[in-house]
Asks: 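There's a structure below that I have some questions on.
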Amino acid sequence: MSEPNVLIERISRSQRTALIIGIVGIAATFAGLAVNKTQFTYSWFYGSLFWAGLSAGALGLYLLNNVVGGKWGAIIRRFLEASAKVLPYTFIPLAIAFFLPGAMHTLFPWVRPEFLKDPAVAHKIAYLNPQGFTIRFIIYLLFWTFLGYRLSSRTDIQDKTKDHAEGVAIQVRMRQFSAPMLLLFVLTSTFAFFDWVMSLEPTWYSTIYGAMYLIGQVLAMLALSIILLVRYSDQSPFKETINMPVTHDLGNLMLAFTMVWAYLSFSQFLITWAGNLPEEIQWYQRRFTHGWGYVAWTVSVFHFCVPFFILLHRFVKRNPKLLATLCVYMFLMRFLDVFWLSQPPLRPELSVSWMDLTALAGIGGIWFFLFFQQLKTRPLLPLNDARLIAMRHEHHHA
Amino acid sequence: MKTEEVVRPIPPDIDPGPDHVLGPGHDIATVTDRISGVIYQPLAKTPKPWFFAFAAAFALLQLLLIAAAWLFYKGVGVWGIVIPIAWGFAIVNFVWWIGIGHAGTLISAILLLLKQDWRTSINRFSEAMTLFAVACAGMFPILHLGRPWLAYWLLPYPNSMWLWPQPRSPLLWDVFAVSTYATVSLLFWLTGLVPDFATMRDTSKHQWQRVLFGMLSLGWRGSAKHWSRYQMAYLILAGLSTPLVVSVHTVVSFDFAISILPGWHTTIFPPYFVAGAIYSGFAMVITLAIPTRKWFHMEGLITMRHLEAAAKVMLGTGLIVAYGYAMEAFISWYSGNPYESFMYWNRMTGPYWWSYVMLISCNIAIPQLLWIRKVRLNLTALFIISIIVNVGMWLERFVIVITSLHRDFLPSSWGMYYPTIWDWATFIGTIGLFTTLMWLFVRFVPMLAMFEVREDLHHMQHTGAYEVKPLPAHGD
């Protein structure tokens, strides 16, 4: 078993690069704190929101696969696990974004006294207040940490077992555990995104928001998983396991999530636009004027139309290199979407600061450093997953 | 194939439990015999419960005819609709029936693309359900028009009056969504039936049946070319149907959400309507499959595997619906909009509080029993829960339509809705139409896809998942 070491070596190299990018990025962003504290808060918030959301998406996708099954989940499972285990760490940059002195005041209008004159904001102070926000922040942290560690400890047991039947039994127990947990996860993440992003505009509300935001994060995690899978596919243990049908399945899944993302986003848009009520349409007005309209059109065309038509083609899904390239592109699109969702209320005029880029890269670098660390600690494919054993069998026959 | 086993005793109708899609003792010939035997049996030999069920359904169908005749004669005033509740039962029933149809499309199209083993066999049955449910649904907007003979005005056609439907209205989108849905569902169902009609043509003992099935099978010869074309056509139809599962009920949800009425105008409506549609559809599949498989001894073909999977889908979609309710309730408070919060408070505590309480019990509370495997595997419990969900999903549309309308923005325009006997007669009458068509279908058309079950059997034999064992001599 010398080949896996090639991969571990490669991961270690990536990890070192990630660490350097992380340290440089974070140092640069903190240097920005001295220059412009407001801009620092906006940018830091954007960067930490993206990477925390990515880890939350991994947890959601992981729970979903445990419930509904499917071979695709088995081969990207370690990526999802590693990402979910980084989730608790992403609360550190988030905490800096929210709890740095004055930061909450900069980000959230509902802590500013002048906004409390608006009866619609004053009304929801029972929910939107710094104490409640903090308590919920801790609840999300504890619950999601529990989920990530509990699930990966199950697969550790599965890795160590010698008995095939025991491996299957663990899989069944994970399904039983994941079904109710998926429900609680969707609820907690909905409220987390209400707290962290929707409440940036405290007079605005949308019932679909939680689902829409979460699906975007799941899409990002799926794209990242496909990128890593294809990158590592020339080495053991992926080389012996993955086959054409499973990359095709992942491509189809990419198409499905792109469509669901567009469906939820467009539903919100059409209903809000048709209703044209002042308290609702403000959200789109902010995002379609002062330069933000360019971002809006870019997101709708390049985050949905283009990948949709590309992913309809079979040959793209059957060519791992092409599929991975598309996923890189989708991942970049996710940066833009999260920017468009979270930044317009903070900066009415479209602007991009160098701190946006350093914060995104810096927190991302540390995120990847921790992610690769998690990835290295265990076999890159679960050892006793019945689905993988069946796939290896198919591979031999093909 | 072993030719000496052509004549085999009728396989026993044993349910193999939740792990298998096919009961023991079957081979390719017995699958065909079991399914086509329902159609070939003399009418008098039809199981008695079928006659009772058909008689009841047919009687209710007469009620529909009477109610519709009276409505056409007197006008929509015979219903309980008033201003501000102009939509009443007609739209409640329309949405309910359209929703029920969705399970058939989901099973046939999406589960085909997802390669789910439990899809085969119940797909034909649920597709028929889709067709009949859409037929019931389609009637209601037309009955509600008041001048049903002018229903064609809904279509944009060139006319001397220069009269065009409003293209910005979701009601017009609905016309297209529902008619497309009906067309594609019919094509999907008929295409799937062609190879089975050919089997019927080739195995029938009566000349008139051979002629009839011969015409229906469109010259099917079962050549490799036919099969290859068939597979391609079926996949294309599945691909076309897949977006329909989502789009049809999305457009139905727009009928409400595009307005600015509190209780209707909310962004979660599209996904939550789609989930609710699938929820009610699977409930109806279970409600109909349990008696049908008993009457016609199909326990070996519609097994607990099918029913348990359907129960799980029901649980999952039910939870999505619950998420929708939770979001509506939370946001109605969070919005700080007095109309929104009044609407939800009024739903829970106003004059129609009972419908909200029943809705939550039927749609959210009771179906949680399905978490328990024992309940999912208990036919009686499953049957009762499926009926409760059907009732709950009807109540959901009642709550949405009636409670949102009955409190207008101005208290001077408040009102109450009391359904009349004709509202009930029309609604119950469509249940009669639906069940009449369904019972005729299970008796006179191959209710399960014979060739697909045979194909599955063949595959399972090759992978060792199913073993054809010779049965013990009959009558032991």
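In the text below, chain A, chain B and the rest are named by the order of the sequence lines, each starting its count at 1.
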Asks: Given heavy-atom pairs under 4.5 angstrom as the criterion, report whether the side chain, backbone, both or neither of B:W333 touches chain A.
Replies: both

Asks: Count the heavy atoms of every other residue, nucleotide or ligand shown that sit under 6.0 Å from CZ of B:R229, and state whether that count exceeds 12.
Replies: no

Asks: Quick one: does A:M198's side chain get under 4.5 Å of B:I331's, heavy atoms only?
Replies: yes

Asks: Specify whether A:F194 and B:F330 have parallel, tilted or perpendicular ring planes, treating 30° as the upper limit for parallel and 60° as the lower limit for perpendicular.
Replies: parallel

Asks: Could you pull out the closest heavy-atom pair between B:P271 and A:Y263, with the gap in Å?
Replies: N-OH, 3.5 Å

Asks: With a strict 4.5 Å heavy-atom criterion, list every residue of residues 209-216 of chain A that contacts chain B, or say none.
Replies: A:G210, A:A211

Asks: Measure the spacing between CZ of B:F254 and OG of A:S267 and express it to the nearest 0.5 Å.
Replies: 5.0 Å

Asks: For chain A, find which of B:K312, B:M327, B:R168 contributes the most heavy-atom pairs closer than 4.5 angstrom.
Replies: B:M327

Asks: Kindly check if the number of other-residue, nucleotide or ligand heavy atoms within 6.0 Å of CZ (A:F143) is above 12?
Replies: yes

Asks: Side chains of A:T207 and B:Y272: any donor to acceptor distance under 3.5 Å?
Replies: no

Asks: For A:F266, is it the side chain, the backbone, both or neither that has a heavy atom under 4.5 Å from a heavy atom of chain B?
Replies: neither

Asks: Can you tell me which portion of A:D249 sits under 4.5 Å from chain B's heavy atoms? Options are side chain, backbone, both or neither.
Replies: side chain

Asks: Which atom pair, heavy atoms only, marks the closest approach of B:S335 to A:A120?
Replies: O-CB, 4.2 Å

Asks: Judged by atom type as modelled, is there a donor-acceptor pair below 3.5 Å linking the side chain of B:T267 to the main-chain atoms of A:I208?
Replies: yes

Asks: So do the side chains of B:L319 and A:V186 get within less than 4.5 Å of each other, counting heavy atoms only?
Replies: no

Asks: Measuring heavy-atom distances to chain B, does A:A179 have an atom under 4.5 Å in its side chain, in its backbone, in both, or in neither?
Replies: both

Asks: Locate the shortest heavy-atom distance separating B:Y334 from A:H123; write the atom from each residue and the value.
Replies: O-CD2, 4.2 Å

Asks: Nearest 0.5 Å, please: how far is CG in A:N276 from NE2 in B:H265?
Replies: 9.0 Å

Asks: Which region of B:V274, side chain (C-beta onward) or backbone (N, CA, C, O), has a non-hydrogen atom less than 4.5 Å from a non-hydrogen atom of chain A, or is it both or neither?
Replies: side chain

Asks: Return yes when atom CH2 of B:W345 has more than 12 non-hydrogen atoms of other residues, nucleotides or ligands closer than 6.0 Å, and no otherwise.
Replies: no

Asks: Side chain, backbone, both or neither: which part of A:E279 has a non-hydrogen atom closer than 4.5 Å to chain B?
Replies: side chain

Asks: Side chain, backbone, both or neither: which part of B:Y323 has a non-hydrogen atom closer than 4.5 Å to chain A?
Replies: side chain

Asks: Rounded to the nearest 0.5 Å, what separates atom CD1 in A:I271 from atom CD1 in B:I260?
Replies: 14.0 Å

Asks: With a 4.5 angstrom heavy-atom cut-off, could you sort out which part of A:E280 is near chain B: side chain, backbone, both or neither?
Replies: side chain

Asks: Side chain, backbone, both or neither: which part of A:L270 has an atom under 4.5 Å from a heavy atom of chain B?
Replies: both

Asks: What part of A:P180 gets within 4.5 angstrom of chain B, counting heavy atoms only: side chain, backbone, both, or neither?
Replies: both

Asks: Out of A:L182, A:T190, A:L264, which one racks up the most heavy-atom pairs below 4.5 Å with chain B?
Replies: A:T190

Asks: Hey, does A:S206 have a side-chain heavy atom less than 4.5 Å from the side chain of B:I268?
Replies: no

